[in-house]
Amino acid sequence: PRRWHNVGVTTTLALANQKGGVAKTTSVASLGAALLEERQRVLLVDLDPQGSLTFSLGIDPEELEVTVAEVLLGKVPARDALVTTEEGLDLLPANVALAEAEENLVTRTGREQRLRVALAKIADDYDWIILDCPPALGVLTIGALSAADQVLIPLQAETLSHRGVGQLLDTIHDVRQFINPDLVIRGVLATMYDGRTAHARNVLAAITETYDLEVLEPPIPKTIRFAEAPAIGRSILSTARTHKGADAYRAVARLLVKGR
Ligand code: ADP
Ligand code: MG
């Protein structure tokens with residue numbers, strides 16, 4: 001019994017950015033592991049048909065018969081699709097079946113509410129539910145934003161596309177207006193950050209000003225260790241226990257817990 005804090009309060013956090021390669025999946029896995037270290041009860045949800053989160057946590061997506069796809073289609077309750085990773089994280093996994101499910105959902109009733117409804121039935125078992133969005137602003141990401149209490153926007157400072165952030169914020173505002181009025185933008189998580197370059201620092205400052213968004217501290221440093229973790233099937237927190245990247249995620253996780 002190492003994690004029974006805050007029983008009865010669940011925070012659902014979506015990591016969203018329609019740009020691929022900005023460390024959404026890496027951040028979901030790492031924050032999940034860091035929150036577990038903080039004795040939080042954590043559920044991760046893979047919403048990418050690529051199944052990268054599932055794979056990176058040591059589970060072969062193609063071997064799964066029941067995934068989040070069947071949950072969204074209403075075929076099974078979320079509880080029946082859960083798996084537990086080697087690190088002890090609960091995961092609602094995904095594989096390529098989610099691509100077909102997504103197409104199917106477009107014409108189905110309540111498509112944007114289905115994740116929220118499914119998660120509501122298991123939410124009491126968790127302090128944190130973290131949603132790994134796919135690199136698109138389609139029905140899966142909108143479903144995640146509809147189910148979330150908070151959204152965190154991972155951004156790679158070096159290659160910031162301001163237009164992309166604007167589109168994401170427009171989508172968030174639409175979701176707030178029509179589906180989920182209580183959705184809070186928790187802020188920007190600066191990823192793959194090289195603080196030695198003035199450019200990275202300037203880009204971060206520009207984000208805060210242009211979009212009036214909080215940038216969470218600390219930024220996540222760019223380091224080669226992140227590339228190695230998925231192949232081992234564990235997050236960076238357990239492959240590199242003392243590591244500046246892992247420690248940055250630990251600090252962000254503590255900030256999230258404090259701000260609940
Ligand atoms: P997304 O889910 O947004 O597409 P990923 O989490 O899959 O992004 O990350 C994209 C790539 O960047 C992966 O190869 C990952 O290992 C790498 N990466 C993530 N974070 C870092 C980091 N802090 N430093 C270096 N490489 C990173
Ligand atoms: Mg991803």
Side-chain angles (χ1 to χ4, degrees), residues 13-34 44-59 61 67-69 85 87 89 91-96 98-99 102 130-138 140-141 143-145 148 151-161 164-165 167-168 171 187-197 199-201 203-204 215-253:
L13 176 71
L15 272 74
N17 186 333
Q18 74 275 30
K19 193 166 159 29
V22 298
K24 288 180 290 297
T25 299
T26 304
S27 300
V28 168
S30 304
L31 287 174
L44 306 184
V45 182
D46 192 348
L47 290 168
D48 189 338
Q50 300 262 341
S52 312
L53 178 66
T54 301
F55 174 79
S56 72
L57 293 173
I59 291 157
T67 66
V68 71
T85 73
E87 281 172 275
L89 290 160
L91 171 70
L92 192 49
N95 63 20
V96 69
L98 187 55
E102 183 182 15
I130 310 186
L131 312 175
D132 185 21
C133 293
L137 292 174
L140 295 171
T141 293
L145 294 173
V151 53
L152 182 60
I153 305 172
L155 274 185
Q156 188 180 358
E158 286 92 328
T159 58
L160 174 75
S161 148
V165 175
Q167 272 175 358
L168 175 59
T171 302
V188 162
L189 181 66
T191 58
M192 301 182 231
Y193 185 71
D194 184 354
R196 292 167 305 178
T197 68
H199 179 63
R201 290 194 303 273
V203 169
L204 263 192
V215 179
L216 269 61
E217 286 289 333
I220 310 301
K222 182 175 210 160
T223 123
I224 189 72
R225 284 308 281 269
F226 283 97
E228 299 164 359
I232 303 168
R234 304 179 74 103
S235 76
I236 182 146
L237 273 78
S238 73
T239 57
R241 279 190 190 282
T242 58
H243 176 268
K244 62 180 177 167
D247 288 343
Y249 277 115
R250 288 185 177 107
V252 171

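Only this structure's heavy atoms are used, side chains among them; waters, hydrogens and symmetry mates stay out. Every number for a ligand or one of its atoms is a count from 1 in the order of the listing.
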Show the atoms of ligand 1 that are less than 4.0 angstrom away from any heavy atom in [X].
X	value
Pro221	22 (C), 23 (N), 24 (N)
Gly21	1 (P), 3 (O), 4 (O), 8 (O), 10 (C)
Val22	1 (P), 3 (O), 8 (O)

Check whether any N or O atom of [X], backbone or side chain, sits under 3.5 Å from an N or O atom of ligand 1, and answer yes or no.
X	value
Thr25	yes
Gly20	no
Phe226	yes
Lys24	yes

- Counting only heavy atoms, which portion of Thr223 has something under 4.0 Å from ligand 1: side chain, backbone, both, or neither?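 Under 4.0 Å from ligand 1, Thr223 contributes backbone atoms alone.
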- Message: For Pro154, which part has a heavy atom under 4.0 Å from ligand 1: side chain, backbone, both, or neither?
- Response: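 For Pro154, no heavy atom sits under 4.0 Å from ligand 1.
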Find the distance between [atom1] ([X]) and [atom2] ([Y]) and round it off to the nearest 0.5 Å.
X	Y	atom1	atom2	value
Gln18	Leu137	CD	CG	4.0 Å
Cys133	Ile153	SG	CD1	10.5 Å
Asp132	Leu92	CG	CG	12.0 Å
Leu204	His199	CG	NE2	10.0 Å
Leu31	Ile130	CG	CD1	5.5 Å
Lys222	Arg196	NZ	CZ	9.5 Å

- Message: Minimum heavy-atom separation for Ala34 and Ala253, please, with both atom names.
- Response: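 So the minimum-distance heavy-atom pair works out to CB-CB, 3.5 Å.
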- Query: Mind checking what makes side-chain contact (heavy atoms from CB on, under 4.5 Å) contact with Ser56, not counting sequence neighbours?
  - Reply: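 Counting only residues at least two positions away or on another chain, Ser56 forms a side-chain contact (heavy atoms from CB on, under 4.5 Å) with Thr25, Leu53, Pro230.
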- With a cut-off of 2.8 Å, does Thr25 place any N/O/S atom under that distance from the Mg ion (ligand 2)?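 Short answer: yes, at least one N, O or S atom is under the cut-off.
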Tell me whether [atom] lies less than 4.0 Å from at least one protein heavy-atom position.
atom	result
atom 22 (C) of ligand 1	yes
atom 17 (C) of ligand 1	no
atom 11 (C) of ligand 1	no
atom 14 (O) of ligand 1	no

- Measure from the side-chain N and O atoms of Thr54 to the backbone N and O of Ala94, and report whether any donor-acceptor pair falls under 3.5 Å.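 Side chain of Thr54 to backbone of Ala94, a donor-acceptor pair under 3.5 Å: yes, one is there.
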- Distance from atom 8 (O) of ligand 1 to nearest protein heavy atom, with residue and atom: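 Of the protein heavy atoms, Ala23 N, 3.0 Å lies nearest.
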- Task: Among His243, Lys244, Arg250, find the residue that satisfies the side chain to side chain donor-acceptor pair (under 3.5 Å) test when tested with Asp247.
- Result: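 Exactly one pass, corresponding to Arg250.
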- Looking only at non-hydrogen atoms, which of Asp132, Thr26, Leu155, Asp194 approaches atom 19 (C) of ligand 1 most closely?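 Checking each option, the heavy atom nearest atom 19 (C) of ligand 1 is found in Thr26.
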